[in-house]
Enquirer: 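I'd like to ask you about the structure that follows.
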Amino acid sequence: MKIKSADFVMSNSNVMKAPKDRIPEYAFIGRSNVGKSSLINMLMARKDLAKISGKPGKTQLINHFNINKEWFLVDLPGYGYAQISKKKRTIFQFFIENYFKEREQLVCTFVLIDSRHDPQKIDLEFMQFLSKNQIPFCIVFTKADKLGSSKINTQIVAYKKKLLQYWETLPTSFLTSSATGLGRDEFLSFIDGINQDVAKDFK
Ligand code: GTP
Ligand code: MG
C-alpha cells in the first residue's frame with residue numbers, strides 16, 4: 001500500500017464523539033512507551049504525525065488519523081503506566097474499554113509488545129479482554145533493533161509458547177522496528193488485504 005495521505009482528524013476521550021465516517025478502522029494499543037506512536041509514524045513515513053516521547057504516558061486521548069481517505073488509524077493511550085493517579089487511570093480504563101466495545105467500524109487491533117520483554121500479565125489480560133469481546137487482534141513486536149537477531153528469535157518463540165497456554169491458535173504477529181523500518185511493507189500489505197476483504201461491508 002502506498003501512503004498518499006495521512007491526516008490527523010481529532011483527539012477525544014469519548015468514543016461517541018469519534019468521527020462518524022463508515023470506513024475501516026485499525027487501533028494501536030499496548031503498554032505505555034512500547035512504541036505505538038513511533039510505529040505509526042514509521043508506517044506512515046511521517047516524522048511527527050503521532051506525538052512521541054521518551055517519557056511514558058505521552059498519548060492520553062483517542063487520536064484518529066485518516067489514511068488515504070480510505071481508513072482510520074487510531075493511536076490510543078498506553079495502559080499500565082504506574083505514574084498516573086488512580087483516578088486518572090480509572091478514567092483511562094473506562095474510555096479505552098468503551099472505545100473497544102462501541103466502535104463498530106474497528107476491524108483489527110494491533111497489540112504492541114516490546115520484543116525485549118517476557119510476557120507480562122497486563123498484556124495477556126488485555127488480549128483476553130479483546131477475545132472476550134470478540135475483537136480481532138494481531139501482535140506487533142516492537143523495537144526489534146534493540147536485540148540481536150538470534151536473541152529476538154528466542155524471545156519471540158518463548159512469547160508464542162506462553163500464548164499457547166491460553167489460546168489454541170496464535171494471532172498473526174509482526175516483527176517491527178521504527179528505527180530501521182523493519183516490518184513496514186508486510187504490515188501495510190496486511191492492512192491492504194483486510195481493507196479489500198471488508199470493502200463490501202462498508203458500502
Ligand atoms: P505512550 O504514548 O507514552 O504510551 O508511548 P508510545 O507507546 O506511543 O511510545 P513512543 O512511540 O512515544 O516511544 C517511546 C520511546 O521508545 C521513544 O523514546 C521512542 O524513540 C522509542 N522507540 C519507539 N520505537 C522504537 C524502535 O523501534 N526502536 C528504538 N530503538 N526505539 C524506539
Ligand atoms: Mg504514544
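Atoms within each ligand, like the ligands themselves, are counted from 1 in listed order.
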Enquirer: Determine, step by step, whether F126 and F129 satisfy the ring-ring contact (aromatic ring centres under 6.0 Å, His included) criterion, reporting the C-alpha distance in whole Å, the side-chain angles of both residues, the deciding distance to 0.1 Å, and the verdict.
Expert: CA-CA 5 Å; F126 190 78; F129 160 80; 5.6 Å; yes
Enquirer: Of the choices S177, S38, S32, which has the non-hydrogen atom that lies closest to atom 11 (O) of ligand 1?
Expert: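 Looking at heavy atoms only, S38 sits closest to atom 11 (O) of ligand 1.
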Enquirer: Under 4.0 Å from a heavy atom of G35: give me the atoms of ligand 1 that qualify, with their elements.
Expert: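 So the answer, numbered in order with elements, is 6 (P), 7 (O), 9 (O), 10 (P), 11 (O), 13 (O), 23 (C).
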Enquirer: With atoms numbered from 1 as shown, which atoms in ligand 1 lie under 4.0 angstrom from a non-hydrogen atom of G78?
Expert: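 Near G78, meaning under 4.0 Å from one of its heavy atoms, ligand 1 has 4 (O).
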Enquirer: Output the list of atoms in ligand 1 that are nearer than 4.0 Å to some heavy atom of D145, sorted by atom number.
Expert: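 Answer for ligand 1: 26 (C), 27 (O), 28 (N), 29 (C), 30 (N).
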Enquirer: V34 to ligand 1: N or O pair under 3.5 Å?
Expert: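 Yes, there is a polar N/O contact under 3.5 Å.
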Enquirer: So F174 and F187, would you call those rings parallel, tilted or perpendicular, with 30° and 60° as cut-offs?
Expert: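 Tilted, since the angle between the ring planes falls between 30° and 60°.
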Enquirer: Between the side chain of S5 and the main-chain N/O of I67, is any donor-acceptor distance below 3.5 Å?
Expert: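 Side chain of S5 to backbone of I67: no pair is present.
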Enquirer: Look only at the side chain of Q155 and the backbone of R116, and say whether a donor-acceptor pair between them is shorter than 3.5 Å.
Expert: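 It does hold such a pair.
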Enquirer: Got more than 12 heavy atoms from elsewhere within 6.0 Å of CG, D48?
Expert: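 At most 12 heavy atoms, drawn from other residues, nucleotides or ligands, come within 6.0 Å of this atom.
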Enquirer: Does S37 bring an N, O or S atom to within less than 2.8 Å of the Mg ion (ligand 2)?
Expert: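 An N, O or S atom of S37 is closer than 2.8 Å to the Mg ion (ligand 2), so yes.
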Enquirer: Can you find an N or O of T176 that's nearer than 3.5 Å to an N or O of ligand 1?
Expert: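 No; every N/O pair is 3.5 Å or more apart.
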Enquirer: For K146, which part has a heavy atom under 4.0 Å from ligand 1: side chain, backbone, both, or neither?
Expert: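 The answer is the side chain of K146.
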Enquirer: Do other residues, nucleotides or ligands put more than 12 heavy atoms under 6.0 Å from E104 CD?
Expert: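 12 or below, so no.
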Enquirer: With heavy atoms of A179 as the reference, note each atom of ligand 1 found under 4.0 Å away.
Expert: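 It comes down to these atoms of ligand 1: 26 (C), 27 (O), 28 (N).
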Enquirer: For the pair N68 (side chain) and K4 (backbone), establish whether a donor and an acceptor sit closer than 3.5 Å, ignoring hydrogens and angles.
Expert: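 Side chain of N68 to backbone of K4, a donor-acceptor pair under 3.5 Å: yes, one is there.
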Enquirer: Side chain, backbone, both or neither: which part of N33 has a heavy atom under 4.0 Å from ligand 1?
Expert: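 N33 to ligand 1: contacts from backbone and side chain alike.
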Enquirer: As an exercise, state the distance from CD1 of I3 to CE of M44, rounded to the nearest 0.5 Å.
Expert: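 If I round to the nearest 0.5 Å, the distance is 4.0 Å.
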Enquirer: Mind checking whether S37 has an N or O less than 3.5 Å away from an N or O of ligand 1?
Expert: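 S37 vs ligand 1: N/O contact under 3.5 Å present.
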